[in-house]
Colleague: 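Here it is: the structure, laid out below.
Chain identifiers are assigned alphabetically (A, B, ...) following the order of the sequence lines, protein sequences preceding nucleic acid strands; residue numbering begins at 1 within each chain.
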2 protein chains.
Amino acid sequence: MTQCEDHEECISTAIERADRICFQKQLKFTDLRKEILRLIWEGHGPQKAYDLLNKLQKTNPSAKPATVYRALDFLIKNGFIHKVASLNAFVGCSHPLKHKECYFLICDDCKNISECCDPNITAAIQATTAQNEFSAKNTTLEISGHCNECLKQI
Amino acid sequence: MTQCEDHEECISTAIERADRICFQKQLKFTDLRKEILRLIWEGHGPQKAYDLLNKLQKTNPSAKPATVYRALDFLIKNGFIHKVASLNAFVGCSHPLKHKECYFLICDDCKNISECCDPNITAAIQATTAQNEFSAKNTTLEISGHCNECLKQI
DNA sequence: TTATGGGGTGTGATATTGTAACGTTGTTGG
DNA sequence: CCAACAACGTTACAATATCACACCCCATAA
Ligand SMILES: [Zn+2]
Ligand SMILES: [Zn+2]
Ligand SMILES: [Zn+2]
Ligand SMILES: [Zn+2]
């Protein structure tokens, strides 16, 4: 499920990275936003908004849907997480600021999700948009199927 | 909005094509399924399920959400339409059976949507999935931005 | 012929996902 | 301090999607 070695470290690395970036960019990384980001990374996979809400309510019983969605909006807008449109779920970005165009491999079996941000894909997409005289603002590329680990187990 | 010359013909072409394919593949292209496909093509753009339901209720007052979703499932499963995950909407496929991998350019202004199924993109994606030892079953590629027509009008 | 089974549909209820609106609180810069 | 604005609390609601169960139709087999 999680392919990291030490997941506690994996989480805290992500939080600290966000903390640093928010400081640099003068963004308000409030406790609430930090908590949602932590919950997303704790899952280390696509997390559903209402699952996050349930978890948040453990420490913040008065939390409401809007509480979660507003934090998610902030985190998405600033590149700390991505929305996975095909799953209606949210996943932490492993390299915020590097680039906007993140592509995903989603395993239908183990639900693991990994980024596969190949520049060759970006180039191919750019060539196509150019050819169509289309000015691209946002790209959603989500590939579902079976990961290597799960294929082995069959 | 619609870039076709004669939209009535555009619609009927799509319906007849589906009719033919269903006959060949022994699929049951019922009146209901045909009507939903027609409604989707009449919009000639991404159509929302509940808008389709409202339209369907004009001729079929007792239609319910499940009525629409079941027809959509059939149409998707057999390649006649695609779900646009980033919009929660459904769009007719302009070339059913040709290939499964359809990519979309979605204009945020005029809401027009066009398929841009470039083999170079497919190749780039395949190279990446192969490199990640990932067995891809389904690809969602949706590019939002501004189309040529809308850019001109600024 | 009747029995049987499966696919498609009708129908009501419910689950899941996401927003709008408005007031309050807190921070920040003048 | 005060004004402005962002963040948050809270309520209500909208939008999207699925489940469960009954019923009908039709093809096939007994
Ligand atoms: Zn990313
Ligand atoms: Zn897997
Ligand atoms: Zn298509
Ligand atoms: Zn346009």
Colleague: For A:Asp118 and A:Tyr103, work out which heavy atoms get closest and say how close.
Modeller: O-CE1, 3.8 Å

Colleague: Got a list of side-chain donor-acceptor pairs under 3.5 Å for residues 135-147 of chain B, not counting sequence neighbours?
Modeller:
residue, atom, partner, partner atom, Å
B:Ser135, OG, B:Lys137, NZ, 3.1
B:Thr139, OG1, B:Glu101, OE1, 3.3
B:Glu142, OE1, B:Ser86, N, 2.8
B:Glu142, OE1, B:Ser86, OG, 2.4
B:Glu142, OE2, B:Ala85, N, 2.8
B:Ser144, OG, A:Asn138, O, 3.4
B:His146, ND1, B:Asp109, OD2, 2.8

Colleague: Under 3.5 Å, which protein N or O atoms sit close to an N or O of nucleotides 8-12 of chain C? Give each pair with its distance.
Modeller:
residue, atom, partner, partner atom, Å
C:dG8, OP1, B:Arg33, NH1, 3.2
C:dG8, OP1, B:Arg33, NH2, 3.4
C:dG8, O5', B:Arg33, NH2, 3.3
C:dT9, OP1, B:Thr30, OG1, 2.6
C:dG10, N7, B:Arg70, NH2, 2.6
C:dG10, O6, B:Arg70, NH1, 3.2
C:dT11, OP2, B:Ser62, OG, 3.0

Colleague: side-chain contact (heavy atoms from CB on, under 4.5 Å) for A:Asn78 and A:Ile21? Distances and angles first, verdict last.
Modeller: CA-CA 9 Å; A:Asn78 295 292; A:Ile21 292 171; over 6 Å; no

Colleague: Checking the side chain of A:His7 only, and the main-chain atoms of A:Trp41 only, is there a donor and an acceptor separated by less than 3.5 Å?
Modeller: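 Side chain of A:His7 to backbone of A:Trp41, a donor-acceptor pair under 3.5 Å: yes, one is there.
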
Colleague: Between P on D:dT10 and CG on A:Leu56, what's the gap in Å once rounded to a whole number?
Modeller: 12 Å

Colleague: Any N/O pairs under 3.5 Å between the protein and nucleotides 15-18 of chain C? List them or say none.
Modeller:
residue, atom, partner, partner atom, Å
C:dT17, OP1, A:Lys48, NZ, 2.6
C:dG18, OP1, A:Lys83, NZ, 2.4
C:dG18, OP2, A:Tyr69, OH, 2.8
C:dG18, O5', A:Tyr69, OH, 3.4
C:dG18, N7, A:Tyr50, OH, 2.6
C:dG18, O6, A:Tyr50, OH, 3.2

Colleague: Hydrophobic clustering (ILVMFWY, side-chain heavy atoms < 4.5 Å, transitive) - are A:Leu151 and A:Leu105 grouped together?
Modeller: no

Colleague: Measure from CD1 on B:Ile36 to P on D:dA17 and round the result to the nearest Å.
Modeller: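 So the CD1-P distance, B:Ile36 to D:dA17, works out to 14 Å.
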
Colleague: Determine the sole option in B:Asn88, B:Leu72, B:Leu75 for which the side-chain contact (heavy atoms from CB on, under 4.5 Å) test with B:Lys83 is passed.
Modeller: B:Asn88

Colleague: Going by the angle between their ring planes, with limits at 30° and 60°, are A:Phe74 and A:Phe80 parallel, tilted or perpendicular?
Modeller: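 Geometry flag for A:Phe80 against A:Phe74: tilted rings.
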
Colleague: Would a hydrophobic clustering, with Ile, Leu, Val, Met, Phe, Trp and Tyr connected at side-chain separations under 4.5 Å, put B:Phe134 with B:Ile125?
Modeller: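 Per the 4.5 Å side-chain linkage, B:Phe134 and B:Ile125 are co-clustered.
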
